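In what follows, a single structure is set out as C-alpha cells and then discussed.
Please read these numbers as outputs of a predicted model, since none were measured by experiment.
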Protein chains: 2
Amino acid sequence: MNDAPWMHGLHADTGYLLYRLGQRSGSAFNAALEQHGLRLRHHAILRYLATVDGARQRELADRLGYDPSAIVSLLDDLQQLGLAERRPDPADRRSRLVVLTPAGHALLRTADHDSRRVTEDLLAPLSPADRATLNDLLQRISTL
Amino acid sequence: MNDAPWMHGLHADTGYLLYRLGQRSGSAFNAALEQHGLRLRHHAILRYLATVDGARQRELADRLGYDPSAIVSLLDDLQQLGLAERRPDPADRRSRLVVLTPAGHALLRTADHDSRRVTEDLLAPLSPADRATLNDLLQRISTL
DNA sequence: GAACAATCATTGTTGATGTCAATGATTGTT
DNA sequence: AACAATCATTGACATCAACAATGATTGTTC
C-alpha cells in the first residue's frame, strides 16, 4: 500500500477521511496477517467462529456481510490451513457447521495480538482518552 | 453494498471499525457520484486539480497515492466527459499539464455538495459537537 | 402425501481494481 | 555523444466483489 501525502488541508471531509483511513487500516491488517497466510476476511471469520462455536455458512455470510460465495473460498483456505472444519449439520443436511480447530483457536490468539499492534500503530498519535472517544464515535456510526 | 449487522460487541477493534466504515463510506460516495458518471477517484482528482490548476500526471499519482497507469484511464474518463484537459507542458515535452475545464469546475461544485450529503448521512447519529471531534481525531491519525 | 417453492452450499462468470513490467519519447548527466 | 532517468502510456496479470445458475435438501400447501 501507499502512504502518500494526500492530506494538505484538502479532502478534509469526514467521509472521505474515513474512506482513506479505511483503506490504510485494511492494507495494514492484511500485511500483518500475511505471515499467517490469512487476510482480513479470514480473520473476521475466525473471530466470529471463536464466539459461537458452530456456525452455518449462511450465518457467517449474513453476520459478516459477505457474499455466500465468498464464504466458500475463505473457508476452503481456512480448512486447508487446518484452522477450521466443516462438519455435517445434524439438523439440516444441506448446511454445514463450521467450527474452529484447536490450531484455529491458537492462531486466532496470535493474530489478534498482531491486529492489536496494527491498531496501536494506527492510533499512535492519539492519547488513550482520545482513542476511547474515537472508538466510541465510530461504534455509534457503525451500528447504523 | 451491504449494511449487514456485523456489529454485536464483537469486532470492536478500532482499526477494524475503520476498515468497515471506510468500505461503507467508499461505496456510499461512489453511489452518489454515479449519476455524474464519476467514481471516488475521479472526484479526488477533480478536487486536487481545483486547488492547483495545472498539474502533471506524475504529480497527481504521487499526491493522491494512485498508480500512474490508473491516472491515465481516470483522466481519459474526465477528458471524455469534458471535465478536464491535457495540455502540453511548455517546460517538458514528455509530460502533460492537466487542467480543469469550466464544466469541470461546475461539476465539482455539485459533486462536492453531493459528497457532503453522503457524509451527513453517515454521521447522522452524531451531534454537531461529536462530528467535530470525530473529524479532528481522524485528521490527526491521517496526517501520519 | 405429492407438488412446488424456498434454502443451503457451491460453481462459474463477469466486471472492476490494483500491480507490475515493458515501451516510446524526451530530458538530464557524464 | 553515450547513457541513465523520467514521463505518459499500454498491456498482462492476479485479485476480488457481485450475480446468476445448479444440485441437494427442506418447508409448505393443497
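As a whole-Å value, the separation of B/D62 CG from D/dA8 C1' is 13 Å. Following rounding to the nearest Å, B/L60 (CG) and D/dT6 (P) show an atom-to-atom distance of 18 Å. Rounded to whole Å, atom P of D/dT9 lies 7 Å from atom CG of B/L75. Atom P of nucleotide C/dT11 and atom CD of A/Q57 are separated by 10 Å, given to the nearest angstrom. Taking atom CZ on B/R58 and atom P on C/dA25, their separation rounds to 21 Å, with Å as the unit. Separating the CZ atom of A/R86 from the P atom of C/dA9 is a distance of 10 Å, rounded to the nearest angstrom. At whole-Å resolution of the value, OH in B/Y66 and P in C/dA16 are 18 Å apart. In this entry the distance linking CZ of B/R93 with C1' of C/dG24 reads 14 Å, nearest Å.
A/S95 comes within contact range of the sugar-phosphate backbone alone, with a heavy-atom separation under 4.0 Å but no base atom that close.
Salt-bridge formation is detected for the pair A/R140/A/D136: a Lys NZ or Arg NE/NH1/NH2 atom is positioned less than 4.0 Å from an Asp or Glu carboxylate oxygen. Using a 4.0 Å cut-off between charged nitrogen and carboxylate oxygen, B/D62 and B/R58 count as a salt-bridge pair.
Nucleotide C/dG18 forms a Watson-Crick or G-U wobble pair with D/dC13, both donor-acceptor distances falling under 3.5 Å. Partner assigned to D/dA2 is C/dT29, using Watson-Crick or G-U wobble distances below 3.5 angstrom.
Closest heavy-atom contact between A/H36 and A/L81: O-CD1, 4.1 Å. When all heavy atoms of A/R24 and B/I141 are compared, the closest pair comes out as NH2-O, 3.1 Å.
Between B/R56 and D/dT6 there is no side-chain N or O to OP1 or OP2 distance below 4.0 Å.
Nearest nucleotide to the B/R96 side chain, out of D/dC16, C/dT27, D/dA8: D/dA8. Residue A/R39 places its side chain closer to D/dT15 than to any other of C/dT11, D/dA8, D/dT15. When the nucleotides D/dC19, C/dT19, D/dT25 are ranked by their closest atom to the side chain of B/D67, C/dT19 comes out on top.
At a cut-off of 3.5 angstrom, the base of D/dT6 holds at least one donor-acceptor pair with the side chain of B/R94.
For residues 94-107 of chain B, every residue pair satisfying the salt bridge (Lys or Arg N to Asp or Glu O under 4.0 Å) rule, not counting sequence neighbours, is listed here: B/D92-B/R94.
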